[in-house]
Amino acid sequence: MSTIPTRLAHHEVAERRPFRTHGSLTGREGRDVDTIGRLEPSDPVAVAILERRAAYVVLSYSTPIAVLTIDEGWLFTSRRFSTTTSKHQGIARYGASLSGLPSLDTASSASRQHYIDTGAYLPFEVSA
């Protein structure tokens with residue numbers, strides 16, 4: 001796992017490569033993550049990890065803030081923690097947008113449920 005400056009982490013997220021920053025931001029393969037940190041078990045990011053649907057996970061400190069699932073694309077927690085974690089969430093979102101894979105903003109549970117109910121999944125491949 002490479003150690004990189006935080007300002008370059010979005011490149012690693014976009015390519016879904018394991019990384020660690022000189023600070024507290026990391027990216028790991030989903031099978032290597034077994035913690036939900038400070039997330040509630042009902043948070044969509046936590047659910048994806050607990051159900052073993054995570055292909056890639058971005059963590060701030062030890063809390064997952066973004067996950068690329070094997071079936072839905074990118075999910076982001078809507079929970080806010082600290083100023084630093086908010087910056088990390090921005091980096092994760094930017095990297096995810098560069099990846100070209102679908103993203104689902106979990107801030108709106110109604111839109112998430114509509115997305116699931118309609119089966120509006122975009123086809124893509126995730127290599128684990």
Side-chain angles (χ1 to χ4, degrees):
M1 180 181 307
S2 61
T3 301
I4 60 167
T6 302
R7 63 184 164 74
L8 300 177
H10 62 278
H11 295 294
E12 304 303 301
V13 173
E15 296 297 322
R16 296 167 313 282
R17 291 187 292 247
F19 72 92
R20 140 183 353 162
T21 65
H22 297 290
S24 51
L25 182 64
T26 59
R28 298 186 198 158
E29 291 186 22
R31 67 175 175 253
D32 295 338
V33 177
D34 59 2
T35 181
I36 61 169
R38 294 175 56 199
L39 294 179
E40 296 293 326
S42 60
D43 186 289
V45 170
V47 170
I49 291 167
L50 294 171
E51 291 179 352
R52 309 302 288 170
R53 294 185 296 115
Y56 184 79
V57 181
V58 180
L59 300 99
S60 178
Y61 298 93
S62 296
T63 298
I65 56 172
V67 62
L68 177 61
T69 67
I70 58 174
D71 56 351
E72 292 181 290
W74 287 101
L75 300 175
F76 307 96
T77 185
S78 59
R79 178 131 185 244
R80 299 288 179 216
F81 298 98
S82 66
T83 302
T84 301
T85 296
S86 292
K87 290 176 186 177
H88 292 166
Q89 287 170 313
I91 291 167
R93 284 181 185 276
Y94 181 52
S97 73
L98 295 176
S99 74
L101 298 173
S103 295
L104 179 61
D105 189 346
T106 61
S108 168
S109 60
S111 68
R112 180 175 194 272
Q113 193 59 49
H114 172 74
Y115 182 82
I116 292 167
D117 290 343
T118 61
Y121 297 101
L122 298 175
F124 65 93
E125 283 187 36
V126 176
S127 57

Approximate separation, where rounding is to 0.5 Å, of Ser103 OG and Leu68 CG:
8.5 Å
Pairing residues for Tyr94 by the ring pair (Phe, Tyr, Trp, His ring centres under 6.0 Å) criterion, not counting sequence neighbours
His10
If every non-hydrogen atom of Val67 is compared with every non-hydrogen atom of Ala48, which pair is closest and at what distance?
CG1-CB, 4.1 Å
Applying side-chain contact (heavy atoms from CB on, under 4.5 Å) to Ile70 and Arg52, what does each step give before you reach the verdict?
CA-CA 9 Å; Ile70 58 174; Arg52 309 302 288 170; over 6 Å; no
Indicate the atoms forming the closest heavy-atom contact of Ala96 with Val13, along with that distance.
N-CG1, 3.8 Å
Nearest 0.5 angstrom please: Leu75 CG to Arg53 CZ, how far?
7.0 Å
Check side-chain contact (heavy atoms from CB on, under 4.5 Å) between Ser99 and all other residues, then give those that pass, not counting sequence neighbours.
Arg16, Trp74, Leu101
Under the salt bridge (charged side-chain N to carboxylate O under 4.0 Å, His left out) test, which residues partner Arg17, sequence neighbours left out?
Glu12
Can you give me the closest heavy-atom contact between Phe76 and Val45, atom names plus distance?
C-CG2, 3.6 Å
Looking only at heavy atoms, what is the nearest atom pair of Thr85 and Ser60, with distance?
OG1-OG, 2.9 Å
Considering residues at least two apart in sequence or located in another chain, which fulfil the side-chain contact (heavy atoms from CB on, under 4.5 Å) criterion with Thr63?
Arg38, Leu39, Phe81
The complete set of salt bridge (Lys or Arg N to Asp or Glu O under 4.0 Å) pairs with one or both residues in residues 76-87, sequence neighbours excluded, reads none
Residues in side-chain contact (heavy atoms from CB on, under 4.5 Å) contact with Ala9, at least two apart in sequence or another chain
Ile4, Phe19, Thr21, Leu25, Ile91
Here the pair of heavy atoms bringing Ala14 nearest to Leu98 is CB-CB, 3.7 Å
Heavy-atom nearest pair, Val47 first then Pro41, reads CG2-O, 3.4 Å
Answer whether the closest heavy-atom distance between the side chains of Thr6 and His22 falls below 4.5 Å.
no
Could you check whether any side-chain heavy atom of His88 comes within less than 4.5 Å of a side-chain heavy atom of Leu59, counting everything from C-beta outward?
no
